[in-house]
Number of protein chains: 2
Amino acid sequence: MVHAINHGEYERILREAGVRITRPRKVILEILADRDDHPDAMAIFRRAVRVDASISLSTVYRTMKLLEDKGAIHRHIFEGGRSRFEPADASHHDHLIDIDTGAVIEFTSKRIEELQKEIARKLGYEIVHHRLELYGRKRK
Amino acid sequence: MVHAINHGEYERILREAGVRITRPRKVILEILADRDDHPDAMAIFRRAVRVDASISLSTVYRTMKLLEDKGAIHRHIFEGGRSRFEPADASHHDHLIDIDTGAVIEFTSKRIEELQKEIARKLGYEIVHHRLELYGRKRK
DNA sequence: TTTCTTGCAAAAAATTTGCACAATG
DNA sequence: CATTGTGCAAATTTTTTGCAAGAAA
C-alpha cells in the first residue's frame, strides 16, 4: 500500500496541534514517511540513530504516542508483544501477517465489514472499531 | 456460550500428559471450569487465593501455560495488554468485546471464515490462524 | 524416595515517567 | 525568555524463571 503522506504532512498536523517541530521529531517523521512497512518502536529507533545518534528510545515512544493522539498514525498490537505503527492516511484495511517473516500485507473486504456490522447489530452492539488479522504462511 | 468441560476433564488431560494433579492445580482447574468469562491471570489468582491463600501468581501463570500447551485452553490478547484465557472445548468462535465493561461475547460466522480463506488464497497464503475482534458499545 | 511443583524473589521485555538540562518559537 | 521537549535512569506492568524447600506418585 502506498502512503500519500509525507513528513511535511505530519509536521502540519503537529504544528496545528501547537506542538514544536524539533530535530528528533523531524528525523522520526522522515523515517515514518520514508518507509512503507509496519515498524515497531525499536526498529524506528534503530533507523533514527543512524541519522542522529543522540536520539533516545523514549523520544521515539513519546513521538509515537503523540502522533497516535493526533490521529496521524495507527498502533497495532499483532502477536508477539510489541506495538507496530503505520501512517493513518491510508484508508481502512485489515492485515495478513506472514508468520515466518513478520511481513504485513494489507487487504480490505467490504463484504466482511458488512457482515461484522450485521453481527454486532444482532447482538445489540454498535462497532467502535475492530481488528481482523490473518496469520498465515506462503503457499508453495 | 456454555462450556461442557468440567475440572475432571482438565484433570484427565493433564494426567494423560503425565502431569501431577496438585492442590494448587486443582483449585485453578475448578475456577476455570466454574466460571464462563474470559479471566486474566490476575483475576484467576484473586479467585484462587480465596480458596487457598498460599497459591502464588507464578503458579497461575505456569498452569495457564501448561494448559495452553496441552491444548486445553486458549490465550487471547485483546486490547489492554493482559492475556485472557478461555476453555478450548468450545468450537471455534470470534469475540465481541464491550469497550465499556470488558465483557466478551462470542460469535461465529461461517461466511466470514470463508471470505478470509478466499482472501488469503488470492494473496498466495494459507491461513494458520486468525483473530477477529469487534470492539463495541451497547446500542440503546 | 525420586521426581515434579511450588513459592518467593529476582529477571525479562516493552513501555512510561521524573527530573534537570537543552532547544524551540 | 517562557515553555515545551529531550536524554537518561529509574519506575511500571505483565509474564517468566532460578532455586531451595515441599508435595505427589
Side-chain angles (χ1 to χ4, degrees), chain A residues 7 10-31 38-46 48-70 72-85 102, chain B residues 7 10-31 38-46 48-70 72-85 102:
Chain A
H7 61 109
Y10 283 121
E11 283 199 22
R12 188 187 56 71
I13 293 171
L14 293 187
R15 235 185 271 278
E16 278 177 14
V19 169
R20 290 180 183 172
I21 306 302
T22 63
R23 168 127 179 77
R25 280 178 184 158
K26 263 203 173 100
V27 172
I28 293 169
L29 297 185
E30 288 227 36
I31 288 168
H38 295 62
D40 58 38
M42 188 51 78
I44 295 169
F45 173 63
R46 280 190 303 262
V49 160
R50 278 186 298 205
V51 180
D52 178 342
S54 74
I55 286 174
S56 77
L57 181 56
S58 313
T59 295
V60 172
Y61 274 112
R62 275 189 282 232
T63 302
M64 292 305 110
K65 171 157 291 176
L66 187 62
L67 291 169
E68 194 187 7
D69 287 348
K70 301 308 170 208
I73 61 171
H74 288 148
R75 170 191 304 258
H76 299 292
I77 308 181
F78 300 141
E79 283 174 13
R82 330 201 197 2
S83 294
R84 297 174 66 170
F85 307 91
Chain B
H7 61 107
Y10 283 122
E11 283 200 24
R12 189 187 55 69
I13 293 171
L14 293 186
R15 235 184 271 280
E16 277 176 16
V19 169
R20 288 179 185 171
I21 306 303
T22 63
R23 168 126 180 76
R25 280 179 185 156
K26 266 205 171 99
V27 172
I28 292 169
L29 297 185
E30 288 225 37
I31 288 168
H38 295 62
D40 58 38
M42 188 51 77
I44 295 170
F45 173 64
R46 280 192 301 262
V49 161
R50 278 188 296 205
V51 180
D52 179 341
S54 75
I55 286 174
S56 77
L57 181 57
S58 314
T59 296
V60 172
Y61 274 110
R62 276 190 281 234
T63 302
M64 291 304 109
K65 172 157 289 174
L66 188 62
L67 291 169
E68 194 187 6
D69 288 349
K70 301 308 170 208
I73 61 171
H74 288 149
R75 172 191 303 257
H76 298 292
I77 308 181
F78 300 140
E79 286 175 10
R82 331 200 195 3
S83 294
R84 297 175 66 171
F85 307 91

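Residue numbers begin at 1 in each chain, while the letters A, B, ... track the order of the sequences.
Closest non-hydrogen pair, Ile55(A) versus Pro24(A), comes out as CD1-CA, 3.9 Å. Across Phe85(A) and Ile44(A), no two heavy atoms sit closer than the pair CD1-CD1, 4.2 Å. For the residue pair Ala41(B) and Val60(B), the shortest heavy atom distance occurs at O-CG1, 3.7 Å. Contact detail for Asp40(B) and Ala43(B): the closest heavy-atom pair is OD1-N, 2.8 Å. For the pair Glu68(B) and Ile73(B), the tightest heavy-atom approach, listed with the atom from each and the gap, is N-CG1, 3.6 Å.
Taking the six-membered ring where tryptophan is involved, the planes of Phe78(B) and His76(B) are essentially parallel, since the angle between them stays under 30° and well short of 60°.
Summarising the geometry, the separation between CG on Asp52(A) and P on dG5(D) is reported as 17 Å, rounded to the nearest angstrom. Atoms CZ (Arg46(A)) and C1' (dA14(C)) sit 14 Å apart, rounded to a whole Å. The CG atom of Asp40(A) sits 13 Å away from the P atom of dT16(C) (whole-angstrom rounding). Straight-line distance from the CD1 atom of Ile28(A) to the P atom of dT6(D): 8 Å, rounded to whole Å. In this structure, CG of Asp69(A) is placed 10 Å from P of dT16(C), rounded to the nearest angstrom. Regarding Arg15(B), its CZ atom lies at a distance of 14 Å from the C1' atom of dC4(C), rounded to whole Å. A straight line from CZ of Phe45(B) to P of dT16(D) spans 16 Å, rounded to a whole angstrom. Rounded to whole angstrom, the span from the CZ atom of Arg82(B) across to the C1' atom of dA14(C) amounts to 15 Å.
Distances shown here put every side-chain N or O of Arg20(A) at or beyond 4.0 Å from the OP1 or OP2 atom of dG25(C).
Within residues 54-67 of chain A, the residues approached by DNA chain D to less than 4.0 Å at the level of any non-hydrogen atom are Ser54(A), Ile55(A), Ser56(A), Ser58(A), Thr59(A), Arg62(A), in residue-number order.
Mapping Val19(B) and Arg75(B) onto DNA chain D by nearest heavy atom places Arg75(B) at the nucleotide closer to the 5' end.
Taking only side-chain atoms of Pro24(A), from C-beta outward, the nucleotide of dG7(D), dT5(C), dT14(D) with the closest atom is dG7(D). For Thr22(B), counting side-chain heavy atoms from C-beta on, the closest listed nucleotide (dG25(C), dT6(C), dA25(D)) is dT6(C).
Taking the charged nitrogens against the carboxylate oxygens, Glu30(A) and Lys26(A) have no contact shorter than 4.0 Å, which rules out a salt bridge.
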